[in-house]
Q: 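Right, I'll just put the structure down here and ask away after.
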Amino acid sequence: MTIARFEQDGPALVVDGTGALPASASLSGSRVRVTGSVEQHEGGWSARLPLLASRWRGPERALPTGRYRVEVDGVDIDVSVPVTQLGVLRAQVDGDTVLVGPPVDPIYDSAEAQGSLERRYLSHTTPLEDAVFFESFYGRAASCNPLAIDREIARRAPGVTRYWSVVDLSVAVPDGAVAVVDGSPEWWRARGSSRLLVVNDWLRRPFARRTGQRVLQTWHGTPLKRLALHRRGFAPRRWGAVVKESRRWDVLLAQNPYAARILGRAYAFLRRPVWIEGYPRNDSLVTGDPAAVRERLDIGADERVLLYAPTWRDDRDEIVEFVDPARLAAEADAVVLVRGHSRTLIPGRDVAGPRVIDVTAYPDTSELLLAADALITDYSSVMFDFSVTGKPMYFLVPDLAHYRGELRGFYFDLAERAPGPLVPDVDALLAALAADPAAYADRYAAWQRAFNAREDGRAAERVVARLIDRGMLPVV
């Protein structure tokens, strides 16, 4: 027989049972596994399972929202604990599963309650404050261009309050910033009262710009694949949604002139300001320390590191399975980092194997690019960022014809311009990895001239200076 309860101190789940002392206890989720402690006591045993986890040598944080299986060696778990607020998260137990959610009162989960918060937001009763509201990838990470801009704002205007939209408190925000959990009353208030919003994707939920409020759309990559209004078979009903969204933006940031043209047309952001300043997220590729990143990932300084970072597919939820990471690590004599797209973070599971590290949940892609010796990708915009480093790139594209001809389509012929070899399978990839990358030196240089001309490590400085000069960012 087993019973369970939550402890606020920690917080933790405690499972009590009778019989022999189990050898181990753990909580197992798709991206995080937590090991608990088991102790004998009079009449039975107790397993204490923390609801916190440390990753990448960082501090312990709340478990990400999701389902976690309770695994106690040799014991069938079937218990029930109602939804409980535990400070940094909320949780309940149903059978052998712990359901973890953000620390938002469940009363705000209903459509009626969210509607009430939306109406309060739309009423504009909260005065504007000297604050910036940041959101990256819908709150799944504090990362990308918004993160680099946050760092520069903290340096240039330390008196400005910096709010970060997060899905839950597993998401680490920069020092000095204030995390606001998506959908909470605090989130709605911060979004409605901040003078400047800095985002890298669509603004979700109802949005009503207030007098004096501005939006900087940084986007999240130079596009190879067709976007928005340019997509084949794009439903007419969505055209209105695209135009409505882009009208919310005051300024669009582009990495290069090519991206400025494409993004402006794809999102009908015409005759409005587009700043071509390079990408702030790439400043660290010029100024950062790869050794520090490798240390956080427990990778030796002399190891060869291959980063496999494919884009997502419109016809599937999880990362493509074109590579056996363990085989690649063994045959290329390298550590293989596997980075799924942000859209595959929640539905997917970490891969594992000798010298394989799944870094899909790693908060900052730029740090992974900095740490890697070579990139293996397909159609991801990461190719335009990694080229800042000058390190070799390889394009594993077994579905090239399908992706180009049916699934998405391209803005240019990748085969003609790619700064590295296009390969159809892992055998060809291994051969390419063993070859001299100098064969692509001319293409690589042409690529950098076209796409990386403004990548000098000072993009964030230029963007923040323009925000201040145009009165979009108060200097407090």
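Start at 1 with the first residue, then count along the sequence.
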Q: Just by modelled atom types, is the Ala459 backbone N or O under 3.5 Å from a matching donor or acceptor in the Asp283 side chain?
A: yes
Q: Show your reasoning for whether side chain to side chain donor-acceptor pair (under 3.5 Å) applies to Gln114 and Trp188.
A: CA-CA 10 Å; Gln114 282 298 308; Trp188 282 106; 3.3 Å; yes
Q: Report the C-alpha distance between Val34 and Leu49 in whole Å, list the side-chain angles of each, state the deciding distance to 0.1 Å, and finish with yes or no for side chain to side chain contact (heavy atoms under 4.5 Å, CB included).
A: CA-CA 7 Å; Val34 177; Leu49 299 159; 5.8 Å; no
Q: Could you check whether any side-chain N or O of Ser284 sits under 3.5 Å from a backbone N or O of Thr287, counting only pairs where one atom can act as donor and the other as acceptor?
A: no
Q: Show the nearest heavy-atom pair for residues Asn452 and Ser387, with the distance to one decimal.
A: OD1-OG, 2.6 Å
Q: Checking Thr84 side chain against Pro82 main chain: does a donor-acceptor pair fall under 3.5 Å?
A: yes
Q: What I'd like to find out is whether the side chain of Tyr379 reaches to under 4.5 Å of the side chain of Val397, using heavy atoms alone.
A: yes
Q: Is there a donor-acceptor pair closer than 3.5 Å between any side-chain N or O of Arg281 and the backbone N or O of Ala148?
A: no
Q: Of the non-hydrogen atoms in Ile262 and Pro223, which two are nearest, and what is the gap between them?
A: CG2-CG, 3.5 Å
Q: May I ask you to check whether over 12 heavy atoms, not counting those of Asp298, lie within 6.0 Å of atom CG?
A: yes
Q: Determine whether Lys225 and Arg231 make a side-chain contact, defined as any pair of heavy atoms from C-beta on separated by less than 4.5 Å.
A: no
Q: Sub-3.5 Å donor-acceptor pair from the side chain of Arg195 to the main-chain atoms of Met472, do we have one?
A: no
Q: Within the distance-only criterion (no hydrogens, no angle test), does the side chain of Asp373 pair as donor or acceptor with the backbone N or O of Val305 below 3.5 angstrom?
A: yes
Q: Among Tyr279, Trp275, Tyr267, which residue meets the ring pair (Phe, Tyr, Trp, His ring centres under 6.0 Å) test with Trp219?
A: Tyr267
Q: Do the side chains of Leu203 and Arg191 get nearer than 4.5 Å, heavy atoms only?
A: yes
Q: Quick check: do Arg31 and Thr360 have side-chain heavy atoms less than 4.5 Å from each other?
A: yes
Q: Keeping Ser54 on the side-chain end and Gly58 on the backbone end, is there a donor-acceptor pair under 3.5 Å?
A: yes
Q: Among Asp105, Asp168, Asp109, which one satisfies salt bridge (Lys or Arg N to Asp or Glu O under 4.0 Å) with Arg90?
A: Asp109
Q: Please walk me through it: do Glu60 and Arg55 pass salt bridge (Lys or Arg N to Asp or Glu O under 4.0 Å)?
A: CA-CA 8 Å; Glu60 287 189 331; Arg55 302 196 77 184; over 6 Å; no
Q: Return yes if a side-chain donor-acceptor contact under 3.5 Å exists between Tyr163 and Glu129, otherwise no.
A: yes
Q: Are Trp447 and Phe384 packed together at the side-chain level, in the sense that at least one heavy-atom pair is separated by less than 4.5 angstrom?
A: yes
Q: Is the shortest heavy-atom distance from the side chain of Val83 to the side chain of Leu99 under 4.5 Å?
A: no
Q: Can you tell me if CZ on Arg458 sees more than 12 non-hydrogen neighbours from other groups inside 6.0 Å?
A: no
Q: Quick one about Gln255 and Glu455 (side-chain donor to acceptor, distance below 3.5 Å, no hydrogens or angles considered), yes or no?
A: yes
Q: Nearest heavy-atom pair of Val104 and Gln85: which atoms, and what distance?
A: O-NE2, 3.2 Å
Q: Do Asp378 and Phe395 have side-chain heavy atoms sitting under 4.5 Å apart?
A: no
Q: Rounded to the nearest 0.5 Å, what separation is found between the OG atom of Ser165 and the CZ atom of Phe137?
A: 13.5 Å
Q: What are the two closest non-hydrogen atoms of Ala268 and Ser246, and how far apart are they?
A: O-OG, 3.9 Å
Q: More than 12 heavy atoms of other residues, nucleotides or ligands under 6.0 Å from CZ of Arg67: yes or no?
A: no
Q: Rounded to the nearest 0.5 Å, what separates atom OG1 in Thr218 from atom CG in Leu252?
A: 8.5 Å
Q: Please name the pair of heavy atoms, one in Val173 and one in Ala179, separated by the smallest distance, quoted to 0.1 Å.
A: CG1-CB, 3.9 Å
Q: For Leu227, does its backbone N or O pair with a side-chain atom of Tyr411 as donor and acceptor, under 3.5 Å?
A: yes
Q: If I take atom CG from residue Leu89 and atom CZ from residue Phe6, how far apart are they, to the nearest 0.5 angstrom?
A: 8.5 Å
Q: Less than 6.0 angstrom from the centroid, inside 45 degrees of the normal: does Arg339 satisfy that with respect to the ring of Tyr308?
A: no
Q: State which residues pass ring pair (Phe, Tyr, Trp, His ring centres under 6.0 Å) with Phe269; sequence neighbours excluded, sorted by chain then number.
A: Trp249
Q: Could you walk me through whether Thr222 and Asn256 pass the side chain to side chain donor-acceptor pair (under 3.5 Å) test, one step at a time?
A: CA-CA 8 Å; Thr222 290; Asn256 48 60; 3.2 Å; yes
Q: Once you measure the plane-to-plane angle for Phe412 and Tyr258, does it fall in the parallel (<30°), tilted (30-60°) or perpendicular (>60°) bin?
A: perpendicular
Q: Please walk me through it: do Leu306 and Leu337 pass side chain to side chain contact (heavy atoms under 4.5 Å, CB included)?
A: CA-CA 6 Å; Leu306 304 178; Leu337 306 180; over 6 Å; no
Q: With a 3.5 Å distance limit and no angle check, can you tell me whether Lys391 reaches the backbone of Ala372 through a side-chain donor-acceptor pair?
A: yes
Q: Has Ser136 got a side-chain atom pairing as donor or acceptor with Ser143's backbone, closer than 3.5 angstrom?
A: yes
Q: Do Glu461 and Arg155 have side chains that get closer than 4.5 Å, going by heavy atoms?
A: yes
Q: Evaluate Arg48 against Asp16 for salt bridge (Lys or Arg N to Asp or Glu O under 4.0 Å), listing each step before the verdict.
A: CA-CA 9 Å; Arg48 188 176 190 278; Asp16 296 313; over 6 Å; no
Q: Salt bridge check, Arg120 against Glu118: does any charged N sit closer than 4.0 Å to a carboxylate O?
A: no
Q: On a heavy-atom basis, which atom in Arg209 and which in Arg247 lie closest, and how many Å separate them?
A: NH2-O, 3.1 Å
Q: Hydrogens and angles aside, do Asp385 and Asn282 bring a side-chain donor and acceptor to less than 3.5 Å of each other?
A: yes
Q: In Å, rounded to the nearest 0.5 Å, how long is the span from OG of Ser194 to CZ of Phe134?
A: 9.0 Å
Q: Are Ser26 and Thr35 close enough, and set up right, to give a side chain to side chain donor-acceptor pair (under 3.5 Å), and what steps lead you there?
A: CA-CA 4 Å; Ser26 63; Thr35 301; over 6 Å; no
Q: Determine the sole option in Arg404, Arg408, Met383 for which the side-chain contact (heavy atoms from CB on, under 4.5 Å) test with Leu224 is passed.
A: Met383
Q: Please collect all side chain to side chain donor-acceptor pair (under 3.5 Å) contacts where either partner lies in residues 171-185, sequence neighbours excluded, each pair once.
A: Asp182-Arg204, Asp182-Arg205, Ser184-Glu186
Q: To the nearest 0.5 Å, what is the distance between CG (Leu27) and CG (Leu51)?
A: 6.5 Å
Q: Could you walk me through whether Tyr362 and Glu367 pass the side chain to side chain donor-acceptor pair (under 3.5 Å) test, one step at a time?
A: CA-CA 9 Å; Tyr362 193 86; Glu367 291 191 354; 2.5 Å; yes
Q: Can you tell me how far apart CD (Gln217) and CZ (Arg248) are? Round to the nearest 0.5 Å.
A: 11.0 Å
